[in-house]
Amino acid sequence: MSQTHNHLFLDAIKNKPIDRTPIWIMRQAGRYLPEYINLKNKAGGFMGLVRNPELACEITLQPLERFSLDSAIVFSDILVVSEILGINLSFIEKKGPMFDKTIRSEKDLHALNINEHDTDSLDYVFDTIKLLKNELNGKKPLIGFIGSPWTVATYIVEGNSSKKFTYVLGMMKNNPALLHKILDILTDISIKYLNKQILSGIDVAMIFDTWGGLLNDSEYKEFSLSYIDKIKASIINKDIPLIYYVRETEKKIHILKNMNIDVLGIDSSSNIGVIKQHVKNKYALQGNLDVEVLKQDEKIMREAVENILTSYNSPSGHVFNLGTGITPDINPDKVKMLIDILADISPKYNVK
Ligand code: CP3
């Protein structure tokens, strides 16, 4: 497998000298791109793309053909791990993820084939990674990812993307032992799944903990972070950097500052400067432009980028990104504008 030659993103993560701040965008392959919509329609929907390695590879590369981005991210979803548990995942247009089963009781848990965890059902992801490594040919790094066990559990227990979290929060209160059993299983399969992505060729690993912010400090440590620590300790290749993303990052920074990770992904409600003061040079930061800024004119965009760079105020250790995934209502020209602005103004911050 070829080595990755473009080290800007990897150098920024390692806090090495860089001549500009690297950038990639969460959900960079997605519905704001007309070429994505086109191919998705041909494939018969989102999972039709994800389950077909040739198409998933093509979709991953679409934003890199259009823009000067510094990394690719495998086109897939955090919820595909459910397939290892024999739970079928589908996506309903305008509604989001749907499962054919939920886990809300011991009985539901026992009904799963929990002794036969096998990553084979996700071979399409590993095949996509291998195709991508070949296509990228060492020119750009490739990010692979998983969801945090807690965040994936919120979907599998609820059965859809209900924003009320009634069942999972109820389980935490009334039957924490069952929730821990589910989290243990998800942790186990996530470790195997992530390690197989590493063996297939990813350069960087990312964990999305979108709903970690629902939990108070002690719950967060018990039901989310303890499992992240376990995953981090089980990564087979210690040279693969780990990015951990959680929303409401600033509220949790007193806990997060002690984490054993390589990069912290920050949401847009947080102040990157405040986070930097807590974290110092322990690990790198990623983020955190508000996606709404991409609806504004160039002057406002420039000010917003400048604000983040000034607030971060350090020559390396920062990967630029949005604070959430890019939304379908963004004009792709604004993404190009953002990348140009960053390339124009970041070098003066990167000089020691
Ligand atoms: O960032 C990337 O480009 C890589 C691919 C990726 C997707 N989802 C593709 C996707 C990644 C890393 C994710 C992560 C993900 N998926 C998260 C964590 C990050 C976050 O957004 O908070 C979560 C919570 C999910 C679960 C999920 N996937 C939901 C709730 C939905 C429906 C709502 C929505 O945002 O569209 C998805 C769908 C999804 N995942 C799409 C894409 C491109 C849209 C699919 C479509 O075309 O309809």
Side-chain angles (χ1 to χ4, degrees), residues 23-51 55-64 66-67 69 71-82 89-99 124-125 128-129 132 140 142-163 165 168 190 193-194 197 202 204-214 224 243-249 265-269 286-288 291 319 321-330 335:
I23 177 170
W24 70 277
I25 289 175
M26 289 191 277
R27 296 267 175 109
Q28 60 192 22
R31 286 163 294 189
Y32 72 109
L33 294 177
E35 60 271 34
Y36 171 90
I37 303 280
N38 245 329
L39 205 53
K40 179 176 143 183
N41 290 341
K42 278 192 203 142
F46 174 65
M47 285 309 289
L49 290 173
V50 168
R51 289 200 178 101
L55 295 182
C57 174
E58 189 177 340
I59 284 276
T60 304
L61 297 174
Q62 281 181 346
L64 282 91
R66 243 187 207 260
F67 312 118
L69 291 159
S71 185
I73 178 162
V74 179
F75 189 77
S76 180
D77 196 85
I78 62 167
L79 300 179
V80 298
V81 276
S82 65
L89 168 67
S90 52
F91 279 83
I92 315 288
E93 208 56 41
K94 300 206 163 66
K95 278 188 124 178
M98 274 303 242
F99 298 101
Y124 56 82
V125 179
T128 302
I129 293 171
L132 277 166
K140 298 276 164 90
L142 179 63
I143 305 167
F145 64 88
I146 54 171
S148 78
W150 161 253
T151 290
V152 173
T154 64
Y155 289 96
I156 290 183
V157 172
E158 299 298 321
N160 54 40
S161 49
S162 110
K163 293 276 150 59
F165 305 100
V168 74
S190 301
Y193 176 44
L194 187 60
Q197 292 186 50
I202 60 164
V204 175
M206 179 154 172
I207 302 180
F208 287 88
D209 197 3
T210 304
W211 300 117
L214 286 179
S224 188
I243 308 175
Y244 172 72
Y245 167 84
V246 63
R247 292 204 197 149
E248 305 197 32
T249 334
I266 306 171
D267 76 339
S268 348
S269 74
Q286 176 175 281
N288 68 337
V291 65
V319 176
N321 207 314
L322 304 180
T324 51
I326 191 164
T327 46
D329 53 356
I330 299 301
V335 173

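Whatever order the structure lists ligands and atoms in, that order sets their numbers, starting from 1. The figures here come from the full heavy-atom set of this structure, side chains too, leaving out hydrogens, waters and symmetry mates.
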| Heavy atom of the protein closest to atom 17 (C) of ligand 1 (residue, atom name, distance) | Ile78 CD1, 3.6 Å
| task | Would you mind listing which atoms of ligand 1 come within a distance below 4.0 Å of any non-hydrogen atom of Tyr36? | result | 43 (C), 45 (C), 46 (C), 47 (O)
| query | Is any N or O atom of Glu93, backbone or side chain, closer than 3.5 Å to an N or O atom of ligand 1? | reply | no
| remark: the protein heavy atom lying closest to atom 46 (C) of ligand 1 turns out to be Lys40 NZ, 3.1 Å
| said: Counting C-beta onward and ignoring hydrogens, is there a side-chain heavy-atom pair between Met47 and Val80 closer than 4.5 Å? | reply: yes
| query | Between Gln28 and ligand 1, which part of the residue brings a heavy atom under 4.0 Å of the ligand: side chain, backbone, both or neither? | reply | backbone
| field | Nearest-neighbour protein heavy atom for atom 28 (N) of ligand 1, which is reported as residue plus atom name and distance | value | Asp77 OD1, 2.7 Å
| Minimum heavy-atom separation for Gly265 to Ile243, with atom names? | N-CG2, 4.3 Å
| field | Nitrogen or oxygen atoms of Thr210 and ligand 1 under 3.5 Å apart | value | yes
| note | Of all heavy-atom pairs linking Ser76 and Val125, the shortest is OG-CG2, 4.0 Å
| field | Taking every non-hydrogen atom, the tightest pair across Ser71 and Ile143 | value | OG-CG1, 3.3 Å
| message | Just checking Phe46 against Tyr36, ring centres under 6.0 Å apart? | response | no
| task | Could you give me the CA-CA distance, side-chain angles and deciding distance for Thr151 and Phe208, then say whether side chain to side chain contact (heavy atoms under 4.5 Å, CB included) is met? | result | CA-CA 8 Å; Thr151 290; Phe208 287 88; 5.8 Å; no
| query | Is the closest N or O pair between Tyr245 and ligand 1 shorter than 3.5 Å? | reply | no
| request: Using a 4.5 Å cut-off on heavy atoms from C-beta on, say whether the side chain of Phe75 contacts that of Val50. | output: yes
| If we only count N/O pairs under 3.5 Å, is Trp24 in contact with ligand 1? | no
| said: Minimum heavy-atom separation for Val335 and Ile326, please, with both atom names. | reply: CG2-CD1, 3.5 Å
| Looking at Val168 and Ala153, what are the two nearest heavy atoms and their distance? | CG2-O, 4.3 Å
| said: So, 4.0 Å and heavy atoms of Val74: is ligand 1 close enough to count as a contact? | reply: yes
| message | Below 4.0 Å from ligand 1: does a non-hydrogen atom of Arg247 turn up there or not? | response | yes
| said: Heavy atoms only: which of Gly30, Pro63, Pro97 lies closest to atom 30 (C) of ligand 1? | reply: Pro97
| Does the ring centre of Phe99 sit less than 6.0 Å away from the ring centre of Tyr155? | no
| query | atom 9 (C) of ligand 1: which protein heavy atom is closest, and how many Å away? | reply | Ser76 O, 3.2 Å
| query | What is the nearest protein non-hydrogen atom to atom 11 (C) of ligand 1, stated with its residue, atom name and distance? | reply | Phe145 CZ, 3.7 Å
| request: Identify, for atom 38 (C) of ligand 1, the protein heavy atom at the shortest distance, and state residue, atom and that distance. | output: Phe91 CE2, 3.4 Å
| said: Are any of the N/O atoms on Trp211, whether in the backbone or the side chain, positioned under 3.5 angstrom from an N/O atom of ligand 1? | reply: no
| Got a protein heavy atom sitting under 4.0 Å from atom 33 (C) of ligand 1? | no
| query | Taking all atoms of both residues into account, what is the closest heavy-atom pair of Met26 and Asn321, and its distance? | reply | N-OD1, 3.0 Å
| query | Can you find a pair of side-chain heavy atoms, one from Gln286 and one from Tyr245, that are under 4.5 Å apart? | reply | no
| query | Numbering the atoms of ligand 1 from 1, which are under 4.0 Å from a heavy atom of Gly96? | reply | 32 (C)
| query | Among all protein non-hydrogen atoms, which one is nearest to atom 21 (O) of ligand 1, and what is the separation to 0.1 Å? | reply | Arg27 NH2, 3.4 Å
| Residue and atom name of the nearest protein heavy atom (relative to atom 36 (O) of ligand 1), distance in Å to one decimal | Arg31 NH2, 2.6 Å
